[in-house]
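Everything numeric here is computed off the predicted structure, so don't read it as measured data. Numbered from 1 within each chain, the chains take letters A, B, ... in sequence-line order.
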Amino acid sequence: MAIPCLSAPRLSRVILGLMLLTLWGCSSPEAPEETAAELSRSEAADRPDSDSEDSDSEDSDSEQAAEHGKPPETAPGATAPGAADAIGVELIDRPGFDALLERNQGRVVLIDFWATWCPSCVEQFPHTVELHEEYSDSGLSVITISLDDPEKESEVLDLLREQEATTDNYISRHGASNTSMETFRIEEGLPHYQLYDRQGNLQRAFTPGQESIDLEEITTAVESLLES
Amino acid sequence: MNTKVTGAFAMMLALIVATSCYADPKLEIGAKAPDFSGVGVDDKTYELSSFSDAKALVVVFTCNHCPVAKAYEDRLIKLQKDYKDKKVRLVAISVNDRDGDRLPGMKKRAKDKGFNFPYIYDESQKSGRAYGATCTPHVFLLGPKRKVAYQGAIDDNNNPKKVEKHYLRDAIDAVLAGEEVPEKVTRQRGCSIKW
């Protein structure tokens with residue numbers, strides 16, 4: 001990419017401006033939404049076939065409610081608690097993810113990014129299912145997205161059924177790859193959780209970092225968003 | 001400004017925002033690598049200075065139990081083999097506080113797999129903290145002056161048959177050639193480190 005030469009003072013002002021914009025963009029909770037536009041421009045050429053696999057088990061009541069501007073009373077896509085044999089999983093990519101958030105407007109959304117190759121994720125999975133069982137009626141949508149290779153769907157399903165995960169379950173179309181990490185903005189490895197408020201804004205991301213993820217902190221954050 | 005210049009700067013901004021807008025790594029690219037110290041599976045102590053003869057040093061935080069770390073073992077063995085004559089060395093470090101990931105388990109693993117690089121245990125976990133390691137595997141490439149030239153994932157897919165981007169190899173080749181590393185930071189991918 002050819003960048004025209006600039007005089008040193010002008011160049012340093014431009015660099016300072018860009019740095020400030022970057023810091024501004026990174027510091028606000030809405031940053032991922034803002035960068036989505038930037039990313040979609042630079043990624044548009046690279047994006048693979050993106051017909052999204054929208055859940056076709058949507059509750060028609062929730063569709064109607066969404067059309068009339070009311071938040072869906074039941075979580076779109078989730079299986080009714082107790083109907084464990086109906087547990088399924090679908091492929092998901094970024095457009096599908098954005099559509100998912102859209103469908104869940106009005107509900108607090110917790111996304112659990114996990115994989116069968118992540119033992120800690122499997123250990124923590126019951127906590128995710130508990131949150132779904134406890135708070136689904138209060139407006140929490142719990143989504144699970146596995147970063148397993150789509151070829152491993154049966155292993156993923158086995159685990160989901162074992163866990164009685166009547167949550168809204170997906171496998172990343174991009175599998176166990178960096179594309180998955182970039183597509184869903186997962187940082188620092190797995191486990192990874194993202195918590196969105198009723199307006200669809202990312203409020204918290206829980207990453208491994210240099211401490212273990214505190215599951216109680218996730219519960220508290222969920223409760224706090226449900227109350228607001 | 002004419003539209004070409006505006007377009008070029010818009011692209012630059014998009015690149016900067018796209019590549020930098022996630023949790024900043026603890027160690028910046030270009031920073032002097034922190035020291036590390038640990039006991040190897042051969043019972044010898046290894047530190048950063050133990051590898052002073054290497055033109056480039058690959059430091060990978062890994063462990064025994066994580067399926068992703070295990071999926072990369074053969075790739076690391078091959079990498080060390082391929083680059084040995086080019087004076088690139090590799091050291092694997094476990095900081096996991098977990099049964100099975102400590103020295104006894106490590107000794108068995110190294111022997112069973114035939115590791116051709118030191119596999120060291122840092123009980124203090126200081127190296128993991130200093131490097132900002134978050135998961136296994138998490139790799140850091142250090143150049144001739146032991147500045148961080150690349151950090152993140154070894155390549156872009158757990159499945160070796162599906163790898164499209166060989167981040168670490170590309171970075172090593174660039175460092176050896178004295179060229180700029182094309183992709184200096186990628187998202188590390190693996191199981192969280194057990195602190």
Side-chain angles (χ1 to χ4, degrees), chain A residues 1-4 6 14-15 17-19 21-28 31-32 34-43 115-122 124 147-149 151-152 174-182 184-192 205 207-213, chain B residues 1-2 4-5 7-26 65-71 97-98 125 128-138 152-159 161-165 167 183 186-195:
Chain A
M1 175 174 73
I3 310 277
L6 293 171
V14 166
I15 288 173
L18 285 170
M19 278 168 61
L21 273 163
T22 305
L23 286 169
W24 168 69
C26 288
S27 62
S28 71
E34 284 164 21
T35 56
E38 309 289 353
L39 278 171
S40 65
R41 275 212 296 281
S42 59
E43 280 179 5
T116 59
W117 48 254
C118 168
S120 297
C121 302
V122 175
Q124 294 177 3
L147 261 67
D148 277 285
D149 200 313
E151 286 167 13
K152 305 241 165 139
H174 313 290
S177 69
N178 266 51
T179 303
S180 284
M181 306 286 288
E182 286 154 17
F184 300 109
R185 292 177 205 138
I186 299 166
E187 302 164 18
E188 302 179 352
L190 295 186
H192 180 81
T207 60
Q210 302 230 293
E211 308 288 337
S212 303
I213 291 177
Chain B
M1 277 196 199
N2 63 31
K4 259 193 199 169
V5 172
F9 282 121
M11 259 176 82
M12 209 156 94
L13 172 64
L15 272 170
I16 289 173
V17 169
T19 55
S20 65
C21 252
Y22 65 101
D24 290 330
K26 178 162 185 170
H65 85 281
C66 170
V68 189
K70 289 199 269 199
D97 183 14
R98 186 190 175 279
Q125 302 188 319
R129 296 213 180 270
Y131 277 74
T134 64
C135 70
T136 57
H138 190 170
I154 292 164
D155 59 37
D156 70 343
N157 205 304
N158 284 16
N159 185 338
K161 294 177 192 155
K162 297 194 174 182
V163 173
E164 288 176 15
K165 296 184 189 169
Y167 303 127
E183 223 171 330
T186 60
R187 289 171 200 253
Q188 61 274 32
R189 191 182 73 255
C191 319
S192 53
I193 282 181
K194 306 295 166 256
W195 299 104

Arg189(B) side chain vs Asp155(B) backbone, donor-acceptor pair below 3.5 Å = yes
key: Heavy-atom pair count under 4.5 Å with chain A, highest-scoring of Asn157(B), Val163(B), Asn159(B)   = Asn157(B)
inquiry  = Quick check for you: among His192(A), Met181(A), Gln210(A), which has the greatest number of heavy-atom pairs under 4.5 Å with chain B?
reply    = Gln210(A)
query = Cation-pi between Arg129(B) and Trp195(B): NZ/CZ under 6.0 Å from ring centre and within 45° of the ring axis?
reply = yes
query = Do Thr136(B) and Val68(B) come close enough that some side-chain heavy atom pair is under 4.5 Å?
reply = no
task = Against chain B, work out which of Pro208(A), Ser177(A), Gly189(A) has the most heavy-atom pairs shorter than 4.5 Å and name it.
result = Ser177(A)
query = So what's closer than 4.5 Å to chain A heavy atoms on Lys165(B): side chain, backbone, both or neither?
reply = neither
note = Assert top hit (heavy-atom pairs under 4.5 Å, partner chain B, pool Ser212(A), Pro119(A), Pro191(A), Gly175(A)) equals Pro119(A)
request  = Please check if any side-chain donor atom of Thr134(B) sits under 3.5 Å from a side-chain acceptor atom of Glu188(A), or the reverse.
outcome  = no
inquiry  = Quick check on Lys26(B) against chain A: is it the side chain, the backbone, both or neither that has a heavy atom closer than 4.5 Å?
reply    = side chain
ask   = Considering residues at least two apart in sequence or located in another chain, which fulfil the disulfide bond (SG atoms under 2.5 Å apart) criterion with Cys191(B)?
value = Cys66(B)
